[in-house]
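This chain uses plain numbering: 1 for the first residue, then up along the sequence. In each ligand, atom 1 is the first atom listed, and ligand 1 is the first ligand listed.
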Amino acid sequence: MSASSRTVPQEQLPSEDLHPRPMPVINLGHLSLDSRTRSGVVNEIAKACRDLGYFQVINHGISQAIMDRAVEAASSFFKLPSETKEEYSSDDLRQPVRYDTSSKDSISMSRAFLKHYAHPLSDWIQYWPQKPPIYRDCMGRYAVEVRRVALLLMEAILEGLGLDKGYLKEKFQEGLQLLSVNSYPKVSHGATAIGLAPHSDYGFLTILLTSCQGLEVLDRSSKSWKTVQQLPHALHVHIGDHMEVLSNGQIKTVIHRALLNPEEARMSIASIHGFALHEKVTCATELVDEENPQKYKESSFSDFLDHLTANMDNKQRNFLESLRM
Ligand SMILES: O=C(O)CCC(=O)C(=O)O
Ligand SMILES: [Fe+2]
């Protein structure tokens with residue numbers, strides 16, 4: 001993740017409204033229907049990506065039970081005693097599993113998180129917490145399902161950019177999946193209402209499952225925060241830094257933040273999808289020409305980790321800015 005470096009600090013901008021405004025909701029089931037219906041959905045996704053960079057998906061094929069159990073596993077993990085959770089603490093960003101609280105990374109204002117890789121599951125699951133006993137099974141099932149959705153979405157987004165169906169398919173198939181499992185307390189009197197400060201996510205796209213309202217996205221045209229609606233059985237999707245690079249700036253990364261919920265403690269599970277650790281992401285040559293010269297340098301997830309490590313205490317550690325040509 002990279003913190004935003006816009007001129008007005010996003011922390012200081014008020015949320016535009018207290019009530020969620022409708023956001024595009026895409027029926028993913030329609031992607032597998034006849035080609036006319038599919039291209040209608042691809043166009044809807046392309047428009048949402050170009051205009052906003054975020055949308056929600058329904059009819060994605062992940063059962064409510066799988067989603068509920070993943071949230072339950074996450075919430076049970078954070079209820080464990082601190083000593084148990086701290087077994088996973090590390091300053092080394094390359095550890096396969098990492099637990100931390102607000103203190104160290106410069107964007108967690110009031111958040112505890114557990115981050116771990118999830119694909120290929122058989123390589124990583126051995127490092128995941130064994131407590132609570134349901135964690136590996138419930139989070140593993142969700143991870144596999146949400147990755148299937150991410151691959152479907154990637155294919156549709158690339159198609160919407162005019163790239164071939166199957167563009168870089170192998171690199172996406174072999175790509176990494178990072179789960180950021182987040183826990184926020186209920187807002188308490190006199191404390192900051194921001195759980196996670198404004199930032200963008202590094203990968204191509206992020207799919208978020210949240211237990212209750214709290215996520216906000218920065219609307220580029222009005223420069224105001226939009227509350228992300230909490231629709232039953234929907235998942236929220238937003239574009240990350242590497243999709244902006246791949247599309248040569250045709251679609252842009254999304255600055256977002258998490259507010260604490262006044263009613264209840266909040267859990268979220270962000271599934272971030274990118275290429276494999278050392279695989280470089282570059283602007284698609286098909287989207288570069290004289291009128292649209294290459295706008296970003298190539299980079300990998302490993303380069304991103306190096307950037308974060310070198311800018312640990314720096315709130316302006318914007319990865320995407322460092323790639324601009
Ligand atoms: O908790 C949320 O709603 C957002 C989490 C997030 O942005 C992240 O983990 O990168
Ligand atoms: Fe994020």
Considering only heavy atoms of [X], which atoms of ligand 1 have at least one such atom less than 4.0 Å away?
{"X": "Leu215", "result": "3 (O), 4 (C)"}
{"X": "Tyr184", "result": "1 (O), 2 (C), 4 (C), 5 (C)"}
{"X": "His199", "result": "6 (C), 7 (O), 8 (C), 10 (O)"}
{"X": "Leu196", "result": "5 (C), 6 (C), 7 (O), 8 (C)"}
{"X": "His256", "result": "7 (O)"}
{"X": "Ser180", "result": "9 (O)"}
{"X": "Ala258", "result": "1 (O), 2 (C)"}
{"X": "Arg111", "result": "9 (O)"}

Any donor-acceptor pair under 3.5 Å from [X] side chain to [Y] backbone:
{"X": "His199", "Y": "Ala197", "value": "yes"}
{"X": "Gln95", "Y": "Val97", "value": "no"}
{"X": "Arg266", "Y": "Cys212", "value": "yes"}

- Message: Heavy atoms only, cut-off 4.0 Å: how does Asp201 contact ligand 1, side chain, backbone, both, or neither?
- Response: side chain

- Task: Please verify whether a non-hydrogen atom of His236 lies at under 4.0 Å from ligand 1.
- Result: no

- Query: Applying a strict 4.0 Å limit to heavy atoms, is Arg257 in contact with ligand 1?
  - Reply: no

- Note on the structure: Of all the N, O or S atoms in Asp201, the one nearest to the Fe ion (ligand 2) is OD1

- Taking the Fe ion (ligand 2) as the reference point, name the nearest N/O/S atom of His256.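 Output for this pair reads NE2.
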
- Show the numbers, then the answer: is there a salt bridge (Lys or Arg N to Asp or Glu O under 4.0 Å) between Glu72 and Arg69? CA-CA 5 Å; Glu72 191 193 325; Arg69 281 190 215 121; over 6 Å; no

Is any side-chain N of the basic residue among [X] and [Y] closer than 4.0 Å to the acidic one's carboxylate O?
{"X": "Lys280", "Y": "Asp303", "answer": "yes"}
{"X": "Glu145", "Y": "Arg148", "answer": "yes"}
{"X": "Glu44", "Y": "Lys47", "answer": "no"}

- Report yes if the distance between the aromatic ring centroids of Tyr127 and Tyr88 is under 6.0 Å, otherwise no. no

- Item | Parallel, tilted or perpendicular: rings of His238 and His256 (30°, 60°) |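 Tilted.
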
